Amino acid sequence: MAYPEFLKIVEVGPRDGLQNEQRKVPLADKIALVDRLAAAGLPAVEAGAFVSPKWVPQMADSAAVLAGIDRRPGVAYPVLVPNLKGLEAALAAEVREIAVFGAASESFSKKNLGRSIAESLEMFAPVIETARDKGLAVRGYVSCVLGCPYEGEIDPGAVAEVARWLRERGCYEISLGDTIGTGNPKSARRLIETVARDIPISELAVHFHDTYGMAIANIHATLEMGIGVADAAVAGLGGCPYAKGATGNVATEDVVYLCQGLGIETGVDLDKLVASGRFVSEVLGRAPASRVNRALSAKMAQGSC
Ligand code: HMG
Ligand code: MG
């Protein structure tokens, strides 16, 4: 199959990327990161999570992040919302898009949300309904779609069931999360084939973590199947507090570089994106995990780029 002409990249660095950081990231740096990513041309920048601060302390200042950013017309700033308390806070922060986040693994669901899959969906139902009534767009995540840190392999049928539920309730797009990054192009293809039996491929997004270095290969495989939306985190930030050992998301710089090579538009300015990746890496005191970032930064430093 031909590649899509355009890949929409949902930048999840400020949320998925930073949620696992042990040291408090200064509010001003979070705000600057979101603004830089939007200025680089990303059409959606996940800006925070209205979750319990006891569960994920790093996201406790999400309302302040939303208040501090310079909202650009045409850019979406979604946030994670698990329950009505979170929705209330998101509405007060004048959020226009939220994401609920279910899982295909019972054990992960209990660790991440303190609930079984069925109980978590029960929690999401009034959140989705109220949010939609208020005119908000609602995205749905399914985590652990290609493996679970507690249960190992996950049946694609279990993923399809949660994805179907989210879509039937009104999520406009379902993001399929390889939370621990154990997938490969073959398992990723099998997953999309299964889920796409019930959900049009245009309503699916992929969300790969790069723990085993397979994320960019998985994106390529799913692009060939017609996937048109991919989540990514600048500098390859990320990890999940409830999935020990899982490393960052696929780096946004790597996805943009891949797309440039394949002739797929993303609307992202790679130089500005690389600068954003360097910025956040300096804040965190480490080198960007993105190889594209490291290569282009080295080239720029030599003055040959
Ligand atoms: P719970 O403990 O069952 O909730 O947690 P509760 O209702 O019993 O409340 C406990 C306390 O939390 C109370 O405070 C509540 O007020 C407070 P206390 O009375 O003890 O002082 N609370 C809240 N505070 C602020 N905002 C809220 C909120 N809700 C309750 N929304 C809950 C249930 C769902 C809240 C909890 O399990 C939670 O916050 N989980 C979120 C965990 C999380 O964010 N994980 C990372 C994101 S998922 C992910 O990374 C995967 C993804 O990236 C895709 C992929 O990679 O595959 C999406
Ligand atoms: Mg993730």
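Numbers here are sequence positions counted from 1. Please read these numbers as outputs of a predicted model, since none were measured by experiment.
Using a 4.5 Å cut-off on side-chain heavy atoms (C-beta onward), I69 and Y77 make contact. Taking the side chain as every heavy atom from C-beta outward, L136 and R96 approach each other to under 4.5 Å. In this structure, L284 and V25 have side chains that are in contact, with non-hydrogen atoms separated by less than 4.5 Å. Between F124 and L113, some side-chain heavy-atom pair lies under the 4.5 Å cut-off. Looking at heavy atoms from C-beta onward, D29 lies out of side-chain contact with L27 at the 4.5 angstrom threshold. Contact of the I227 side chain with the L204 side chain is registered, since non-hydrogen atoms from C-beta on lie closer than 4.5 Å. The closest side-chain heavy-atom distance from I98 to L80 is not below 4.5 Å. Proximity of E5 to I264: side-chain heavy atoms (C-beta onward) are nowhere separated by under 4.5 Å.
The local environment of CZ in F279 is crowded, with over 12 non-hydrogen atoms from other residues, nucleotides or ligands closer than 6.0 Å. For K186, the NZ atom counts as loosely surrounded, since its 6.0 Å shell holds 12 or fewer non-hydrogen atoms of other residues, nucleotides or ligands. Within 6.0 Å of atom NZ in K111, 12 or fewer heavy atoms from other residues, nucleotides or ligands are found, so the atom counts as exposed in its surroundings. By the 6.0 Å contact criterion, CD on E265 is open, its count of non-hydrogen atoms from other residues, nucleotides or ligands being 12 or less.
Rounded to the nearest 0.5 angstrom, R15 CZ and Q58 CD are separated by 12.5 Å. Remark: H209 NE2 to N218 CG distance equals 12.0 Å, nearest 0.5 Å. To the nearest 0.5 angstrom, T247 atom OG1 is 11.5 Å from L237 atom CG. Once rounded to the nearest 0.5 Å, the distance linking CG of L66 with CZ of R71 reads 5.0 Å. Atom CG of L18 is separated from atom CG of L33 by 6.0 Å, given to the nearest 0.5 angstrom. We find the CG-CG distance between L273 and D269 to be 8.5 Å, quoted to the nearest 0.5 Å.
With 3.5 Å as the limit, one finds no donor-acceptor pair spanning the side chains of S116 and E106. Inspection of the Y172 and E97 side chains reveals an N or O donor paired with an N or O acceptor under 3.5 Å.
Using modelled atom types, no side-chain atom of S290 and backbone atom of A235 make a donor-acceptor pair closer than 3.5 Å. Side chain of T194 to main chain of P156: no donor-acceptor pair is present (N/O by atom type, distance under 3.5 Å, no hydrogens or angles). Counting only distance, with no hydrogens or angles, the side chain of R169 and the backbone of I128 share no donor-acceptor pair below 3.5 Å. Looking at S109, its side chain does come within 3.5 Å of a backbone N or O of R115 through a donor-acceptor pair. In this structure, S187 contributes its side chain and N184 its backbone to a donor-acceptor pair below 3.5 Å. Proximity of a side-chain donor or acceptor of N293 to a complementary backbone N or O of V274 within less than 3.5 Å is detected. At least one donor-acceptor pair under 3.5 Å links the side chain of Q22 to the backbone N or O of N20. Side chain of E253 to main chain of L270: no donor-acceptor pair is present (N/O by atom type, distance under 3.5 Å, no hydrogens or angles). With D178 contributing its side chain and G181 its backbone, the two residues share a donor-acceptor pair below 3.5 Å. Side-chain atoms of T211 come within 3.5 Å of backbone atoms of I180 as a donor-acceptor pair (strictly under, hydrogens ignored).
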Practice item. For V255 and I219, run side chain to side chain contact (heavy atoms under 4.5 Å, CB included): C-alpha distance rounded to whole Å, both residues' side-chain angles, the deciding distance at 0.1 Å, then the answer. Key: CA-CA 8 Å; V255 178; I219 293 211; 3.8 Å; yes

Exercise for review: Could you please spell out the steps behind the salt bridge (charged side-chain N to carboxylate O under 4.0 Å, His left out) verdict for R286 and E21?
Suggested key: CA-CA 12 Å; R286 56 174 186 257; E21 291 296 327; 2.5 Å; yes

Exercise for review: Applying side-chain hydrogen bond (donor to acceptor under 3.5 Å, both in side chains), run through S297 and R278 and close with a yes or a no.
Suggested key: CA-CA 8 Å; S297 293; R278 270 205 312 272; 2.9 Å; yes

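Between D254 and R291, none of the side-chain N atoms (NZ, or NE/NH1/NH2) sits under 4.0 Å from a carboxylate O, so this pair counts as no salt bridge. With salt bridges taken as basic N to acidic carboxylate O contacts below 4.0 Å, one links D231 and R139. Comment: R167 does not engage D198 in a salt bridge, judged by the lack of any side-chain N to carboxylate O separation of less than 4.0 angstrom.
In this structure, K85 forms no cation-pi arrangement with F50, as its terminal cationic atom is not both closer than 6.0 Å to the ring centre and no more than 45° off the ring axis.
For H207 and F101, the distance between ring centers is not under 6.0 angstrom.
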